[in-house]
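Numbering of ligands and ligand atoms starts at 1, following listing order.
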Amino acid sequence: MTQACPFAQTLERTARGDADRSAAEFPLMPVGQACDMGRAADGTPLIDPRVFDSAEFFRNPYPYYRIMRDHYPVFRDKLHNCYYVTRYDDITRCYFDDEGFNTIPKGSSSGVLGNTQLELSGIEHKRRRNLYGQHLVGQSLEARIPIIERLADSMISAWDDLAAEGTIVCDQGGVRTVEIGRAFANEFPISVVCGVLGFPEEARGQFYYWYNSMMSGLGGSETQKMGLEARQDLEDYVQGMVEERRVRPTYLYDRDGKAVGKDVISKLCETKIDGDYLSTEEITSNIALVVGGGGETTRGAIMNMWYLLLQHGDQSGRVLADERLWDMVFHETLRHSTPIGGQPRHNSFDIVMHGQRVPAGSLMNMVDVSANHDERIFKDPERFDVFRPDLYTGKLLRSGFASQGRHSHMAFGVGPHLCPGAWIAHQEATIGSRVLSRRMKNPRIRVDRMPKDVDGISLAPVGLGSVRELWLDYDLA
Ligand code: HEM
């Protein structure tokens with residue numbers, strides 16, 4: 001016998017098909033508390049799956065994931081016809097078992113991004129990943145670091161001109177106000193990737209437009225056409241470049257103008273599989289994936305890093321005084337508020353997990369943000385603490401997820417699909433933040449310009465995703 005669910009009436013209407021399924025049915029709760037969706041006879045809190053579509057959930061999903069971790073570690077969502085896996089240990093086990101929990105067919109992105117490694121599993125995935133991923137790590141990446149620093153510096157120098165327009169950067173009484181998203185973080189990661197790939201400087205504006213169109217194309221049928229057209233235009237453009245670079249490869253240069261190696265597109269042009277060169281279509285899909293995977297995510301990481309850090313004055317004081325600590329800010333931000341909620345998998349076989357039967361071929365959502373807040377792994381997980389002793393913040397782990405008695409966050413996934421852009425994202429976010437912190441004296445959040453939480457006073461929580469706007473003030477030297 002269950003107690004009455006406060007949403008019973010709406011549920012009834014949903015069953016009749018005439019319900020307004022909007023989020024407004026769920027009250028906005030104080031941050032950290034879940035709304036009461038009723039209880040089972042033994043007192044176990046119930047989860048009403050419509051909450052997953054609600055504003056309350058997007059604003060702060062963590063109390064709901066806590067209920068799921070504690071009571072339904074594999075939650076069957078009958079409304080959306082899928083399962084959620086929410087504990088850190090379970091998710092890592094599934095991610096490492098590429099055969100039992102495959103990425104085929106993910107389907108959501110293939111239309112716009114093309115045929116990419118995201119949706120491959122097993123041997124074919126490994127082959128493709130080795131081919132492309134090598135250009136984003138190790139020595140190849142080291143060689144590209146000067147580009148990242150140079151770009152951050154030149155973007156911030158351009159603020160002086162933007163201040164004259166007075167929209168996203170404005171000066172008053174020795175204080176500069178800047179919206180870090182539009183003035184820096186939105187374009188910075190795309191420009192880095194563009195440079196590393198080897199797109200000519202003059203094509204970057206166009207490239208940014210294609211990127212934005214492809215990203216909105218992932219959002220649904222209305223914008224998909226725009227995304228598909230953008231991808232087609234990108235492919236046409238890349239075709240010309242590929243033909244040229246097959247004959248005349250181009251190079252990346254360090255600060256002193258010395259060539260440090262071929263750009264990624266030039267390298268891909270000379271790559272062969274089984275004796276055949278990669279086709280233009282294959283190269284374009286890889287470019288689309290790298291750009292799609294590395295733009296919004298890294299933008300979100302930079303925004304969240306500054307948003308969270310500056311709300312914790314004791315910690316920001318130490319970080320701004322010692323720029324080596326940006327590495328820890330990066331990792332703790334990705335643990336506390338990662339820009340990607342999780343990843344879908346399909347189980348290849350019938351399984352039973354935590355007593356829940358899951359038939360083969362079911363959609364199983366691995367909830368990375370919940371793993372990052374699993375109190376079985378991270379003490380007091382809702383607290384943002386750059387200095388927490390249970391989080392691994394050392395050199396990024398290539399495989400595995402625990403070292404020196406600490407666990408890494410799950411923001412990059414683990415196992416065969418572990419984000420190959422993790423190393424470059426780390427460099428972008430930390431180098432970008434170091435350059436920003438050198439150029440901004442006494443930075444603080446410009447509270448009156450920021451979106452507020454429902455109380456109209458406190459800053460809005462990050463919730464699922466990342467902050468869109470971040471207004472900062474700093475003293476002009
Ligand atoms: C903070 C920034 C980033 C986050 C949080 C992030 C997160 C992720 C996650 C969770 C996955 C795993 C997908 C899965 O398990 O199915 C992934 C895959 C991927 N990411 Fe990232 N990513 C970031 C930055 C980047 C960057 C900068 C690039 C490229 C330059 C990139 C390229 C990719 C690619 C190509 C994959 C597919 C890997 C595969 O399926 O083998 N990502 N990313």
Who are the side-chain hydrogen bond (donor to acceptor under 3.5 Å, both in side chains) partners of Asp350, not counting sequence neighbours?
none

Are side-chain N/O atoms of Arg439 and Ser157 paired as donor and acceptor at under 3.5 Å?
yes

In ligand 1, the atoms that come under 4.0 Å of a heavy atom of Ile424 are 27 (C), 30 (C)

For ligand 1, is any non-hydrogen atom under 4.0 Å from Gln427's backbone (N, CA, C, O), its side chain (CB onward), both, or neither?
neither

Check each heavy atom of Thr297 against ligand 1 and say whether those closer than 4.0 Å belong to the side chain, the backbone, both or neither.
both

Indicate, with yes or no, if the rings of His336 and His409 have centres closer together than 6.0 Å.
no

Which is closest to atom 17 (C) of ligand 1 in terms of heavy atoms, Pro420, Cys419, Ala411?
Cys419

Do any heavy atoms of Met410 fall under 4.0 Å from ligand 1?
no

Quick one: which of Phe330, Trp423, Phe412, Phe101 has a heavy atom closest to atom 9 (C) of ligand 1?
Phe412

Under 4.0 Å from a heavy atom of Gly413: which atoms of ligand 1 are those, numbered in the order shown and with their elements?
10 (C)

Within 4.0 Å of some non-hydrogen atom of Gln343, the atoms of ligand 1 are 10 (C), 13 (C), 14 (C), 15 (O), 16 (O)

Do His373 and Glu382 pair up side chain to side chain, a donor and an acceptor below 3.5 Å, judged on atom types alone?
yes

Does a salt bridge link Arg345 with Glu99, judged by any charged N lying under 4.0 Å from a carboxylate O?
no

Less than 3.5 Å apart, any donor N or O on the side chain of Asn304 or Thr333 sitting next to an acceptor on the other?
no

Below 3.5 angstrom, do we get any N/O pair linking Arg345 and ligand 1?
yes

Min N/O separation Tyr95 to ligand 1 under 3.5 Å:
no

Please identify which of these residues, Arg248, Lys262, Arg245, meets the salt bridge (Lys or Arg N to Asp or Glu O under 4.0 Å) condition with Glu270.
Lys262

